[in-house]
Amino acid sequence: MHIFKSTSWIEGLLADDCPGPDLTVEMLGIGAQSGAMFFSSREDGIISGAEEAEMLLARCGLSVTRQAANGDMLQADQVFLTAKGSAAALHKGWKTAQVLMEYMSGIARRCAFMLERAHAVRPGVQVAVTRKNFPGAKALCLEAALNGGAIIHRQNLSESVLLFEQHLLFFSGGENLPALENLARQARDLRARMPEKKIMSVP
């Protein structure tokens, strides 16, 4: 399973790091020279962000070869992504692609570790991640979590009905929560109005 990322999203990442010319490359006059860039893992573990990095580097005009998919287990020093092209294009995509994979792989490996620890206690249990990510990074964080074997509890506000104490305060118009029977009636009404949606309450 993958989280969709649009071309405009990829372009936004590039524009954020290189909104104009790369002054170092320009001043050195090396932009037109040809080169190659190879990505490998520093240690054994799950890779995440490789597919996004491929999209990003290709958007820079580079010829990209990817030997591993998101969620694959890699060995230390195993090359999984190669990019070839001009020095200008290589330097434009280099750091953004690297940091993207470092952060996503870190999340994926942490999720895999949590899942391993959970399975040691209760085989078959699932680890679910929250939608609460750093703003603007949700697609990356959720993709990485999936690559690590986790599931998504709730991807966005439009996906399900999840009642918090803060919601319930508004039923009574004050700080006292509504009676249990009132809450049960509200839950039945919600289920009737949206039978296809998941409805939950958080104590």
Side-chain angles (χ1 to χ4, degrees), residues 1-14 16-17 36-85 89-90 92-160 162 198 200:
M1 181 185 296
H2 296 288
I3 304 297
F4 174 74
K5 293 101 179 171
S6 65
T7 301
S8 60
W9 178 83
I10 292 291
E11 291 174 344
L13 295 181
L14 292 170
D16 183 61
D17 192 50
M37 181 163 56
F38 305 90
F39 292 92
S40 61
S41 178
R42 291 180 179 176
E43 56 187 30
D44 295 353
I46 295 171
I47 184 66
S48 182
E51 296 173 29
E52 290 76 11
E54 178 187 18
M55 293 170 60
L56 188 147
L57 294 171
R59 199 66 185 168
C60 292
L62 296 165
S63 174
V64 187
T65 303
R66 177 172 52 83
Q67 292 96 353
N70 287 354
D72 284 355
M73 184 67 68
L74 299 182
Q75 295 180 338
D77 300 321
Q78 179 181 345
V79 174
F80 61 88
L81 193 66
T82 303
K84 297 180 180 180
L90 288 168
K92 182 177 182 178
W94 168 31
K95 277 299 176 183
T96 302
Q98 176 186 337
V99 172
L100 192 70
M101 291 186 287
E102 287 177 342
Y103 273 86
M104 291 182 69
S105 295
I107 293 172
R109 292 175 185 187
R110 185 63 180 174
C111 283
F113 172 76
M114 293 172 66
L115 196 61
E116 180 183 355
R117 295 293 296 270
H119 283 174
V121 177
R122 184 179 173 185
V125 71
Q126 291 182 320
V127 172
V129 296
T130 175
R131 70 176 178 87
K132 293 179 285 186
N133 301 284
F134 190 82
K138 179 182 286 187
L140 300 181
C141 295
L142 295 183
E143 171 84 19
L146 290 172
N147 296 158
I151 61 172
I152 301 170
H153 170 241
R154 190 189 191 203
Q155 188 166 335
N156 55 61
L157 288 173
S158 303
E159 188 175 75
S160 59
L162 185 58
K198 184 187 297 182
M200 298 168 286

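Along the sequence shown, residues are numbered consecutively beginning with 1.
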Leu14 vs Cys60, side chain to side chain contact (heavy atoms under 4.5 Å, CB included): CA-CA, chis, key distance, verdict: CA-CA 8 Å; Leu14 292 170; Cys60 292; 3.6 Å; yes

Report the residues that fulfil side-chain contact (heavy atoms from CB on, under 4.5 Å) with [X], sequence neighbours left out, ordered by chain and then residue number.
{"X": "Ala53", "result": "Leu81, Ala97, Met101"}
{"X": "Ala139", "result": "Ile3, Lys5"}
{"X": "Cys141", "result": "Ile107, Asn133, Ala137"}
{"X": "Ala120", "result": "none"}

All pairs passing salt bridge (Lys or Arg N to Asp or Glu O under 4.0 Å) where residues 115-125 contributes a residue, at least two apart: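 Residue pairs passing salt bridge (Lys or Arg N to Asp or Glu O under 4.0 Å), neighbours aside: none found.
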
Within residues 95-108 or reaching into it, pairs that qualify as salt bridge (Lys or Arg N to Asp or Glu O under 4.0 Å) - sequence neighbours excluded: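 Listed once each, the pairs would be none.
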
Pairing residues for [X] by the side-chain hydrogen bond (donor to acceptor under 3.5 Å, both in side chains) criterion, not counting sequence neighbours:
{"X": "Thr82", "answer": "none"}
{"X": "Glu11", "answer": "Arg59"}
{"X": "Ser6", "answer": "Ser8"}

Test side chain to side chain contact (heavy atoms under 4.5 Å, CB included) applied to Leu62 and Trp94, step by step: CA-CA 11 Å; Leu62 296 165; Trp94 168 31; over 6 Å; no

Worked check of side chain to side chain contact (heavy atoms under 4.5 Å, CB included) between His153 and Val129: CA-CA 6 Å; His153 170 241; Val129 296; over 6 Å; no

Distance from [X] atom [atom1] to [Y] atom [atom2], nearest 0.5 Å?
{"X": "Thr96", "Y": "Asp17", "atom1": "OG1", "atom2": "CG", "value": "4.0 Å"}
{"X": "Trp9", "Y": "Leu140", "atom1": "CH2", "atom2": "CG", "value": "4.0 Å"}
{"X": "Glu43", "Y": "Gln78", "atom1": "CD", "atom2": "CD", "value": "13.5 Å"}
{"X": "Thr7", "Y": "Leu56", "atom1": "OG1", "atom2": "CG", "value": "11.5 Å"}
{"X": "Phe39", "Y": "Leu74", "atom1": "CZ", "atom2": "CG", "value": "13.5 Å"}

Minimum-distance pair of heavy atoms, taken over all atoms of Ile47 and Ser105: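 Reported closest heavy-atom pair: CD1-OG, 3.3 Å.
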
Smallest separation among heavy atoms of Ala76 and Asp44, with atom names: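 Looking at all heavy atoms of both residues, the closest pair is N-OD1, 2.7 Å.
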
Backbone N/O of Gly71 and side chain of Ser48: donor-acceptor pair under 3.5 Å: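 No.
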
Residues, nucleotides or ligands: over 12 heavy atoms within 6.0 Å of Lys138 NZ: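 More than 12 heavy atoms, drawn from other residues, nucleotides or ligands, come within 6.0 Å of this atom.
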
CE/Met55: more than 12 non-hydrogen atoms of other groups inside 6.0 Å: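 It does: Met55 CE has more than 12 such atoms within range.
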
Pairs where residues 63-76 contributes a residue and the test side chain to side chain donor-acceptor pair (under 3.5 Å) is met, not counting sequence neighbours: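 Found Glu52-Asn70, Glu54-Arg66, Asn70-Glu143.
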
